[in-house]
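Below is one structure, written out as structure tokens, with a few remarks after it.
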Amino acid sequence: MLVRDAMSTVVLTIGPTHTLRQAAALMAARKVGAAIVHDPDAGGIGILTERDILISVGRGQDPDTELVHAHTTTDVVFATPAWTLEEAAGAMAHGGFRHLIVLDRDEPAGVVSVRDIIRCWAPARQQVPA
């Protein structure tokens, strides 16, 4: 099975000047665990995850004043729709993260998460006789 079969095409894109509270509200409304951060001044895309927000709040930082820019991961590993789910899972395990931005022709096409991969694998695994 391929990343294109598992990825979510519900992609939330936010800017670097959103506050963490704004980002969290948008992520909750879309029911996603990560947002793509587009920073035209930095010339690239990054990712903000629920874990990034949790770490900030856990440190006592104010989500109403903390900006997304300060918590964005910019050293991002990207997947392509043609990757296998095994390749995506391997990249996640190796990098210690749970979301991959999927690029198609250098444009964000979706996000694939550990949860997406499990959803695809679980039914197949249940079919195997014990």
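Note that the coordinates shown come from a computational prediction; the quantities given were computed from them, not determined experimentally.
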Where do Val76 and Phe78 land on the side-chain contact (heavy atoms from CB on, under 4.5 Å) test, with the steps shown first? CA-CA 6 Å; Val76 180; Phe78 298 101; 3.7 Å; yes

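- Taking CZ of Arg59 as the reference point, atom NE2 of His71 lies at 8.0 Å (rounded to 0.5 Å).
- Annotation: salt bridge (Lys or Arg N to Asp or Glu O under 4.0 Å) contacts involving residues 73-85, sequence neighbours excluded, are absent.
- Both Leu85 and Leu100 belong to a single network of hydrophobic side chains, linked directly or stepwise wherever heavy atoms of I, L, V, M, F, W or Y lie under 4.5 Å apart.
- Residues Val10 and Val111 do not share a hydrophobic cluster, clusters being chains of Ile/Leu/Val/Met/Phe/Trp/Tyr side chains in contact below 4.5 Å.
- For the pair Val112 and His99, the minimum side-chain heavy-atom distance is 4.5 Å or more.
- In terms of hydrophobic clustering, with Ile, Leu, Val, Met, Phe, Trp and Tyr side chains grouped at heavy-atom distances under 4.5 Å, Ile118 and Trp121 are assigned to a common cluster.
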Pair Thr17-Val68, side-chain contact (heavy atoms from CB on, under 4.5 Å): steps then yes or no: CA-CA 6 Å; Thr17 59; Val68 164; over 6 Å; no

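- Looking at residues two or more places apart in sequence or on another chain, you find no side chain to side chain donor-acceptor pair (under 3.5 Å) involving His69.
- Residue Leu67 is found outside any hydrophobic cluster, as its side-chain heavy atoms come under 4.5 Å of no other Ile, Leu, Val, Met, Phe, Trp or Tyr.
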Using residues 90-97 as the side-chain source, report each donor-acceptor pair under 3.5 Å to any protein atom, sequence neighbours left out, with the distance given to one decimal.
none

If you apply the rule side-chain contact (heavy atoms from CB on, under 4.5 Å), what do you find for Ile53 with Ile55, and how did you get there? CA-CA 5 Å; Ile53 296 169; Ile55 289 168; over 6 Å; no

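- With sequence neighbours left out, Thr74 forms a side chain to side chain donor-acceptor pair (under 3.5 Å) with no residue at all.
- A search for side chain to side chain donor-acceptor pair (under 3.5 Å) contacts involving Ser56 returns Gln61, not counting sequence neighbours.
- Using a 4.5 Å heavy-atom cutoff, the side chains of Val57 and Leu54 are not in contact.
- Ile101 and Val77 are members of different hydrophobic clusters when ILVMFWY side chains are connected at heavy-atom separations under 4.5 Å.
- Applying the side chain to side chain donor-acceptor pair (under 3.5 Å) definition to pairs two or more places apart or across chains, none involves residues 1-12.
- Judged by distance alone, with hydrogens and angles left aside, the side-chain atoms of Glu66 form no donor-acceptor pair with the main-chain N or O of Pro63 at under 3.5 Å.
- A search for salt bridge (charged side-chain N to carboxylate O under 4.0 Å, His left out) contacts involving Asp116 returns Arg119, not counting sequence neighbours.
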Evaluate the criterion side-chain contact (heavy atoms from CB on, under 4.5 Å) for residue pair Leu20 and Leu48; output intermediate values, then yes/no. CA-CA 9 Å; Leu20 288 186; Leu48 178 78; 4.2 Å; yes

Acceptor/donor pairs from residues 34-45 side chains to any protein atom, 3.5 angstrom cut, sequence neighbours excluded:
residue, atom, partner, partner atom, Å
Asp39, OD1, Asp41, N, 3.1
Asp39, OD1, Ala42, N, 3.4

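- Glu50 pairs by the salt bridge (charged side-chain N to carboxylate O under 4.0 Å, His left out) definition with Arg98, not counting sequence neighbours.
- Under the 4.5 Å side-chain heavy-atom criterion for grouping Ile, Leu, Val, Met, Phe, Trp and Tyr, Leu26 is connected to Val32 within one hydrophobic cluster.
- To the nearest 0.5 angstrom, Glu86 atom CD is 8.5 Å from Ile117 atom CD1.
- A salt bridge (Lys or Arg N to Asp or Glu O under 4.0 Å) check over residues 18-33, counting only residues at least two apart or in different chains, returns the pairs Arg21-Asp64.
- Listed by first then second residue, pairs satisfying salt bridge (Lys or Arg N to Asp or Glu O under 4.0 Å) with a partner in residues 100-113 number zero, not counting sequence neighbours.
- A pairwise comparison of heavy atoms in Leu2 and Ala82 identifies CD2-O, 3.5 Å as the closest pair.
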